[in-house]
Amino acid sequence: MFKSKLMLMFVILLALLTIGVMGCEPEEEVDPEPEPDEEEPEEPEVEVGFREITGIDPGAGIMSSTEEAVEVYDLELPLTEGSDAAMTAELSTAIGEDEWIVVTGWAPHWKLAEWDLKFLEDPELVYGGEEYIATIARQGLADDLPEVYAFLEEFYWGDEEIGVVMEMNMEDDDFLANAETWMEDNSDLVEGWLPDDFGEEANGQEVEIQLVEWECALATSYVVKAILQDAGYEVDLTSVDAGVMWSAAAAGDIDFFVCAWLPGTHEAYYEDYGDDIDEIRANYEGAQIGLVVPEYVDIDCITEINDHILD
Ligand code: PBE
């Protein structure tokens, strides 16, 4: 009897000890099994591949280069037409949804600062090499508006400058107000482009400029307009198609434009109109065109596009 009592006490003690020891152990954090209804909703599968090449305005040189690329690389994708603004809107949507997209792209453009993008390698060099952006005038401008011409002979800027203006334009599309702000913030640089007593010959004379609504052209053209207006010129700046712009300068219907892409992108226009215009100078160097995809798109070369075609 006594023995069995002792035995019982021993068992109880052991049990207590065991509970005590267990209680000292750091509590293991066991994740509760997720309740089925608490599970993450399944992400819809992102389709990996392309349905089209998102193009821009049909008059852009990059559109004819891309038609050539479609032939040279036998690309099984249609090239769509649109505009620079529509193309960046589509880029934005696709990137927001991690979808694959391939666009006609170029530098300088704010899209390259806004998103992680890459140019696809172009082993056949369909898109050519480095381009420069030129200021093209009608013949006779040097005689008719010498002061304006003297300014255009100096006007040249780089990534830093055009990048700031494009960024301002991306955030707020009051292009003229942005150009005026930039001009005030960069008065030393602007002064350096201007002949002495700039504006002396202005007297409200009209200056006609055209542009195509590419971001780089908007930035450059509005800065030039702001500078001329500030000096007392009346500036008429209108948006047109690239072909219209080249032919208008050749016909002497406008004074100048600042968004010619040479030697490759506007080569066909140069062949047609080169003899009848005055190429003043490069206003930007180191431009590039090509096919552009977001960095997460898992190809690096145009030749890989056909491996990723969606029906
Ligand atoms: N771009 C921008 C133009 C020139 C400026 C490359 C779209 C073009 O392709 O003609």
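Counting starts at 1 for both ligands and their atoms, following the listed order. Note that the coordinates shown come from a computational prediction; the quantities given were computed from them, not determined experimentally.
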Geometric class of the Tyr273/Trp246 ring pair [parallel <30°, tilted 30-60°, perpendicular >60°]
parallel

His308 vs Trp100 aromatic rings, parallel, tilted or perpendicular, using cut-offs 30° and 60°?
tilted

I'd like to check which ligand 1 atoms, numbered from 1 as shown, lie under 4.0 Å from a non-hydrogen atom of [X].
{"X": "Gly61", "answer": "8 (C), 9 (O), 10 (O)"}
{"X": "Ile56", "answer": "7 (C)"}
{"X": "Thr265", "answer": "8 (C), 9 (O), 10 (O)"}
{"X": "Ile289", "answer": "6 (C)"}
{"X": "Ala60", "answer": "8 (C), 9 (O), 10 (O)"}

Can you confirm whether more than 12 heavy atoms, excluding those of Glu160, are under 6.0 Å from its CD atom?
no

Only residue of Asp278, Asp144, Asp253 satisfying salt bridge (Lys or Arg N to Asp or Glu O under 4.0 Å) with Arg138 is Asp144

Taking non-hydrogen atoms only, is [X] closer than 4.0 angstrom to ligand 1 via side chain, backbone, both or neither?
{"X": "His266", "result": "side chain"}
{"X": "Ile133", "result": "neither"}
{"X": "Ile62", "result": "both"}

side-chain hydrogen bond (donor to acceptor under 3.5 Å, both in side chains) between Tyr127 and Gln288, worked out:
CA-CA 8 Å; Tyr127 290 98; Gln288 185 187 359; over 6 Å; no

Donor + acceptor pair across side chains of Asn169, Tyr222 (<3.5 Å)
no

